[in-house]
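To start, the structure under review is shown below, and the notes come after it.
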Amino acid sequence: MRISDPIIVARLAEMNVELQHGAALADLTSLGIGGTTDLLRIRKHESLPGLLKLLDANDVQHKFLGGGSNLLVGDGELPWVVLQLVRPEPDVVLDGSFARVDAAADLGRMITFCAKHDLGGMEGLIGVPGTVGGALRMNAGAYGMQIGSYVREVKLYRAASRTLETLRGDQISFEYRHTSFAPDDMMLSVILELPSKPFKLILEGIRICNEKRRSSQPLGQKSAGCIFKNPPGASAGRMIDELGLKGLSVGDARVSDRHANFFVNAGHASATDMLRLIADVRERVQKNYGVELENEVVVWNA
Ligand code: EPU
């Protein structure tokens, strides 16, 4: 979708929102898949209510993009614009055991920054690509921990009330790869309370998690992490592997040889290829195990 109305363009400039025409979502997602649309880069959280009002009044549909690392975007010209926060400097401010973090902060850099100040707890998420906002909205987790356990406060744009709101951690429910945020709420910043731990000990935890991840996941390849959630008490990766589906391909969309719940873009896969592969694997797992796998990856299909 293209914004060409000079009145809207002028209003965006007044709001300090940067308009990039024809951004390729393939360049903004770790899967390297996705069509084109206009990208609106937001420098001030406070401009969001006015911006959303402007878009609504002009029937411009929108989506909020974080780091694009858990996302499968449709092909071609997309029927909505994409909003993304510009990362401020500094993006992490520490106060004792509390870290105030902007949603646009890089998750890995935030973890290492806190570690250098003897604040730990988040070691399991090292190596998970993406922003803190993205990790927060889906309650990212690994190796027995989840980000939700450390959340004390969240500032967000609430789609339902069209206002900026601040929620205490206990007003939010964090479940396995799921939170009580609405799909169109936008994470703006978070206060995490992190346990004190000597830097050396945190580094040791980070090293162990990095090694485990390197040995079991296809880190150098274009992927969106795990495609399916694990069903209760079972492992999607193990089931897909047991069915002998590693290497199964549709075009350049391929079930990883290293971890069967990672589907990689081995070249120039389209969203159509990847969606066909997902549907095919889901069907085979359903047929053989009687289990309906649920997507872990977020799909924005036009
Ligand atoms: N397994 C196989 N074959 C495979 C993959 C896995 O047999 O191809 C087996 C493993 O040997 C292991 C079991 O399945 O016995 C579980 O595998 P793994 O330890 O790799 O964990 P997972 O359940 O597949 C989950 C998360 C990952 C997270 C890891 C580590 C989900 C959907 N996945 O994977 O998160 O990194 O644990 O904690 O919850 C993600 O969210 O995108 C993601 C990759």
> Are the charged groups of Asp241 and Lys246 less than 4.0 angstrom apart, N to O?
Replying inline: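 Lys246 and Asp241: salt-bridged.
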
Roughly how far, to the nearest 0.5 Å, is [atom2] of [Y] from [atom1] of [X]?
X      : Y      : atom1 : atom2 : value
Arg254 : Leu245 : CZ    : CG    : 12.0 Å
Leu194 : Ile202 : CG    : CD1   : 8.5 Å
Arg168 : Ile191 : CZ    : CD1   : 12.5 Å
Leu31  : Lys222 : CG    : NZ    : 9.5 Å
Ile240 : Ile227 : CD1   : CD1   : 9.0 Å
Leu71  : Ser30  : CG    : OG    : 8.0 Å

Between [X] (side chain only) and [Y] (backbone N and O only), is there a donor and an acceptor less than 3.5 Å apart?
X      : Y      : value
Ser256 : Ala260 : no
Asn139 : Gln146 : no
Gln286 : Arg284 : no
Thr36  : Ala23  : no
Asp252 : Asn265 : no
Ser223 : Val264 : no
Asn295 : Phe228 : no
Thr179 : Met138 : no
His259 : Asn261 : yes
Asp38  : Ile3   : yes

Can you name the nearest heavy-atom pair linking [X] to [Y], along with the distance?
X      : Y      : answer
Val297 : Ala224 : CG2-CB, 3.8 Å
Gln217 : Tyr143 : NE2-OH, 4.4 Å
Arg2   : Gly22  : NH1-CA, 3.4 Å
Ala142 : Gly124 : CB-O, 3.4 Å
Ala253 : Ala269 : N-CB, 3.6 Å
Gln171 : Thr166 : OE1-O, 4.4 Å

Is it the case that one hydrophobic cluster holds both [X] and [Y], taking links as side-chain heavy atoms less than 4.5 Å apart, direct or via other members?
X      : Y      : result
Val298 : Leu275 : no
Met1   : Trp80  : no
Val132 : Ile206 : yes
Leu136 : Leu188 : no
Val299 : Leu28  : no

Close side-chain approach of [X] and [Y], heavy atoms under 4.5 Å:
X      : Y      : value
Gln61  : Val81  : no
Asn58  : Asp56  : no
Thr272 : Met274 : no
Tyr150 : Met145 : yes
Ile147 : Met122 : yes
Leu243 : Met239 : no
Thr112 : Phe199 : no
Gln20  : Arg41  : yes

> Can you check ring pair (Phe, Tyr, Trp, His ring centres under 6.0 Å) on His178 and Tyr176, steps first, answer last?
Replying inline: CA-CA 5 Å; His178 185 265; Tyr176 168 65; over 10 Å; no

> Step by step, would you call Lys229 with Glu296 a salt bridge (Lys or Arg N to Asp or Glu O under 4.0 Å)?
Replying inline: CA-CA 5 Å; Lys229 292 184 186 179; Glu296 201 262 355; over 6 Å; no

>> Using the salt bridge (charged side-chain N to carboxylate O under 4.0 Å, His left out) criterion, which residues pair with Asp184? Sequence neighbours excluded.
In response: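 Scan of Asp184 (salt bridge (charged side-chain N to carboxylate O under 4.0 Å, His left out), adjacent residues dropped) gives none.
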
>> Under the criterion side chain to side chain contact (heavy atoms under 4.5 Å, CB included), I'd like the reasoning laid out for Leu39 against Leu83: C-alpha separation, chi angles, the key distance, then a yes or no.
In response: CA-CA 6 Å; Leu39 176 68; Leu83 313 187; over 6 Å; no

> Under the side-chain hydrogen bond (donor to acceptor under 3.5 Å, both in side chains) criterion, do Asn16 and Ser47 qualify, and how do the steps go?
Replying inline: CA-CA 8 Å; Asn16 203 8; Ser47 62; over 6 Å; no

Show every donor-acceptor pair shorter than 3.5 Å between a side-chain atom in residues 151-160 and any protein atom, with sequence neighbours excluded, or say none if there are none.
from   : atom 1 : to     : atom 2 : distance (Å)
Arg152 : NE     : Glu193 : OE1    : 2.7
Lys155 : NZ     : His45  : ND1    : 3.3
Arg158 : NE     : Glu165 : OE1    : 3.3
Arg158 : NH1    : Asp185 : OD2    : 2.8

> Checking side chain to side chain contact (heavy atoms under 4.5 Å, CB included) for the pair Asp91/Val101: CA distance, chi angles, key distance, verdict?
Replying inline: CA-CA 6 Å; Asp91 54 4; Val101 191; 5.7 Å; no

>> Between Asn230 and Ser235, does the side chain to side chain contact (heavy atoms under 4.5 Å, CB included) criterion hold? Intermediate values first, please.
In response: CA-CA 5 Å; Asn230 283 334; Ser235 158; 4.3 Å; yes

> Considering the options Val73, Leu40, Leu25, which one meets the side-chain contact (heavy atoms from CB on, under 4.5 Å) requirement together with Val82?
Replying inline: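 Among Val73, Leu40, Leu25, the one that satisfies the side-chain contact (heavy atoms from CB on, under 4.5 Å) with Val82 is Leu25.
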
> Stepwise, does the salt bridge (Lys or Arg N to Asp or Glu O under 4.0 Å) test hold for Arg207 with Glu204?
Replying inline: CA-CA 5 Å; Arg207 198 184 56 74; Glu204 183 54 18; 2.8 Å; yes

> For Thr131 and Leu85, what are the C-alpha separation, side-chain angles and deciding distance, and is it a side chain to side chain contact (heavy atoms under 4.5 Å, CB included)?
Replying inline: CA-CA 10 Å; Thr131 60; Leu85 298 176; over 6 Å; no

>> Does Arg43, at its CZ atom, have more than 12 non-hydrogen atoms belonging to other residues, nucleotides or ligands within less than 6.0 Å?
In response: yes

